[in-house]
Trainee: 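So that we are looking at the same thing, I have put the structure below in C-alpha cells.
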Amino acid sequence: MLFRSDAAKLQRYLQALLDANERFNLTAITDPAEAWVRHVQDSLTLVPFLASAGAQRVIDIGSGGGLPGLVLAIVMPDVQFTLLEATGKKAGFLFDTAEALGIANVKVLNERAEVAGQDHKVHRAMYDAVTSRAVGRLQVLAELTVPFAKEGGTVLCIKGDKAADEVAEAKQALYKLHAQVVDLHKTPTGTVVVIEKARATPRQYP
C-alpha cells in the first residue's frame, strides 16, 4: 500500500530517470508504464523483507540509476540508505535526484564495492541489510555484498528466472563467505534471493 505522496514522488523519480537516460545509459526500458512495473514495482518487492528484518541501515550495491535503493528510500523514510555506485555520472544522478526530490535519508558513495568493502571503520560489517539488483551473477555478487552486512544481517538480491541456478552455482562462494541462502521468494516481477550472514567475512574478501 503506497501513500499518495510516495506514489507522486516515485513518479517524479521515474521521470528523472527516463530524462537522464537520454543523456547517458541508465535503463534499456524507455516506456514509462513498463518502467513503472519492471523497475519501481520490482524494487518495492524488497520492502517487506527489510521491514521484517527491522533494518535501520541499508547499503545498495551498484545502485546505477537508483534501483532499488532510491525507490526504497522514498517509501522507507525512517531507514538510512547508502547508495554505492562506482560510475561517476550515475553517482551524480543519484545525488542530484535525491536532493531534487528532498530524499533526506540517502547518502551517495561514488566508490567500488571492492574498496568500500575493506573500509572497516565506516562500511564493512556495518549494515543491517544489503540490497542489489541487476549487478551480475550471484557467485561474484555474493563477495561484493556479504562483507557489508553485520553478523546476522541480511543480503537481498533481486534476480530473474535463473535465480535457482545462480544459487546452486554460488554455494561454494557463500560457504567461504560464512553466509547461506535462506529463501528464494518468487514475486510478480522476479525472484528475491535472501542470504543470511552467519559470522564475520574472512578478511581477504572482497
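Hydrogens, waters and symmetry mates play no part in the numbers below; they use all other heavy atoms, side chains included. Numbering of residues begins at 1 and proceeds along the displayed sequence. Predicted model, so just to flag it, every value in this text is computed and none were measured.
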Trainee: L177 and L138: same hydrophobic cluster, using ILVMFWY side-chain contacts below 4.5 Å?
Mentor: yes
Trainee: Any pair with a residue in residues 171-201 that passes ring pair (Phe, Tyr, Trp, His ring centres under 6.0 Å), sequence neighbours left out, goes on the list, sorted by first then second residue, please.
Mentor: F49-H185
Trainee: With sequence neighbours excluded, what pairs up with A53 under the side-chain contact (heavy atoms from CB on, under 4.5 Å) test?
Mentor: T154
Trainee: Ignoring hydrogens, what is the shortest heavy-atom contact between M126 and R57? Give both atom names and the distance.
Mentor: O-NH1, 3.2 Å
Trainee: So, using side-chain hydrogen bond (donor to acceptor under 3.5 Å, both in side chains) as the criterion, who are the partners of Q56 when residues are at least two apart?
Mentor: none
Trainee: In Å, rounded to the nearest 0.5 Å, how long is the span from CZ of F148 to OG of S132?
Mentor: 11.0 Å
Trainee: Can you name the residues that form a side-chain hydrogen bond (donor to acceptor under 3.5 Å, both in side chains) with D19, not counting sequence neighbours?
Mentor: Q15
Trainee: Output every pair passing salt bridge (charged side-chain N to carboxylate O under 4.0 Å, His left out) with a member in residues 141-153, not counting sequence neighbours, ordered by first then second residue.
Mentor: D128-K150
Trainee: Can you give the donor-acceptor pairs under 3.5 Å from side chains of residues 106-113 to other protein atoms, not counting sequence neighbours?
Mentor:
from: N110; atom 1: ND2; to: E85; atom 2: O; distance (Å): 3.0
from: N110; atom 1: ND2; to: A86; atom 2: O; distance (Å): 3.0
from: R112; atom 1: NH2; to: E114; atom 2: OE2; distance (Å): 3.1

Trainee: For G190, is there any backbone N or O sitting under 3.5 Å from a side-chain donor or acceptor partner on T187?
Mentor: yes
Trainee: Specify the closest pair of heavy atoms between L50 and A129, including all atoms of both residues, with the distance to one decimal.
Mentor: CD2-CB, 3.5 Å
Trainee: Would you give the length of the straight line joining atom CG of L70 to atom CG of D60, rounded to the nearest 0.5 angstrom?
Mentor: 9.0 Å
Trainee: What residues form a side-chain hydrogen bond (donor to acceptor under 3.5 Å, both in side chains) with D42, not counting sequence neighbours?
Mentor: R133, T189
Trainee: Should V181 and V193 be marked as a side-chain contact (heavy atoms from CB on, under 4.5 Å) after you check the CA-CA gap, both sets of side-chain angles, and the distance that decides it?
Mentor: CA-CA 7 Å; V181 173; V193 180; 4.0 Å; yes
Trainee: Looking only at heavy atoms, which two atoms of L184 and A164 are closest? And how far apart?
Mentor: CD1-CA, 4.1 Å
Trainee: Once rounded to the nearest 0.5 Å, what's the spacing between atom CZ of F81 and atom CD1 of I103?
Mentor: 10.5 Å
Trainee: Kindly indicate, with the supporting measurements, whether the criterion side-chain contact (heavy atoms from CB on, under 4.5 Å) is fulfilled by K197 and V146.
Mentor: CA-CA 7 Å; K197 179 173 175 175; V146 171; 3.9 Å; yes
Trainee: Does a side-chain heavy-atom distance below 4.5 Å link V182 with E196?
Mentor: yes
Trainee: Considering only heavy atoms from C-beta outward, does the side chain of L67 approach that of H39 to under 4.5 Å?
Mentor: yes
Trainee: Would you please test F93 and L17 for side-chain contact (heavy atoms from CB on, under 4.5 Å) and show each step?
Mentor: CA-CA 8 Å; F93 166 78; L17 179 74; 4.1 Å; yes
Trainee: If we only count heavy atoms from C-beta on, is the L156 to V194 side-chain gap below 4.5 Å?
Mentor: yes
Trainee: Closest approach of L174 and A142, non-hydrogen atoms and distance?
Mentor: CD2-CB, 3.8 Å
Trainee: Test of understanding: clusters of I, L, V, M, F, W, Y form through side-chain heavy atoms closer than 4.5 Å, transitively. Do V115 and L141 belong to the same one?
Mentor: no
Trainee: Residues two or more places apart in sequence or in another chain: which of them pass side-chain contact (heavy atoms from CB on, under 4.5 Å) with E34?
Mentor: I29, D31, R38
Trainee: Count I, L, V, M, F, W, Y as connected when their side-chain heavy atoms are under 4.5 Å apart, and connections chain through other members. Are L84 and I195 then in the same cluster?
Mentor: yes
Trainee: Check for a donor-acceptor pair, side chain of N105 on one end and backbone N or O of Q80 on the other, with a separation under 3.5 Å.
Mentor: no
Trainee: With sequence neighbours left out, write down each residue that passes side-chain contact (heavy atoms from CB on, under 4.5 Å) with R203, or none if nothing qualifies.
Mentor: H120
Trainee: Who passes side-chain hydrogen bond (donor to acceptor under 3.5 Å, both in side chains) against T191, sequence neighbours left out?
Mentor: none
Trainee: Are P206 and Q118 packed together at the side-chain level, in the sense that at least one heavy-atom pair is separated by less than 4.5 angstrom?
Mentor: yes
Trainee: For residues 7-14, which side-chain donor-acceptor pairs fall under 3.5 Å, sequence neighbours excluded?
Mentor:
from: K9; atom 1: NZ; to: L101; atom 2: O; distance (Å): 3.2
from: Y13; atom 1: OH; to: G65; atom 2: O; distance (Å): 2.7

Trainee: Take K159 and E166 through the test side-chain contact (heavy atoms from CB on, under 4.5 Å) and record every step on the way to the result.
Mentor: CA-CA 9 Å; K159 289 290 178 183; E166 288 194 43; 3.0 Å; yes
Trainee: State which residues pass side-chain contact (heavy atoms from CB on, under 4.5 Å) with V47; sequence neighbours excluded, sorted by chain then number.
Mentor: L44, L72, V75, M76
Trainee: Let me check something: do V155 and I61 share a hydrophobic cluster, defined by ILVMFWY side-chain heavy atoms less than 4.5 Å apart, either directly or through other members?
Mentor: yes
Trainee: So, for V135 and G62, which heavy atoms are closest and what is the spacing to 0.1 Å?
Mentor: CG2-O, 3.9 Å
Trainee: Hydrophobic clusters here meaning ILVMFWY residues chained together by side-chain heavy-atom distances under 4.5 Å, can you tell me if V71 and Y127 are in one?
Mentor: no
Trainee: If I take atom CG from residue L94 and atom OG from residue S63, how far apart are they, to the nearest 0.5 angstrom?
Mentor: 5.5 Å
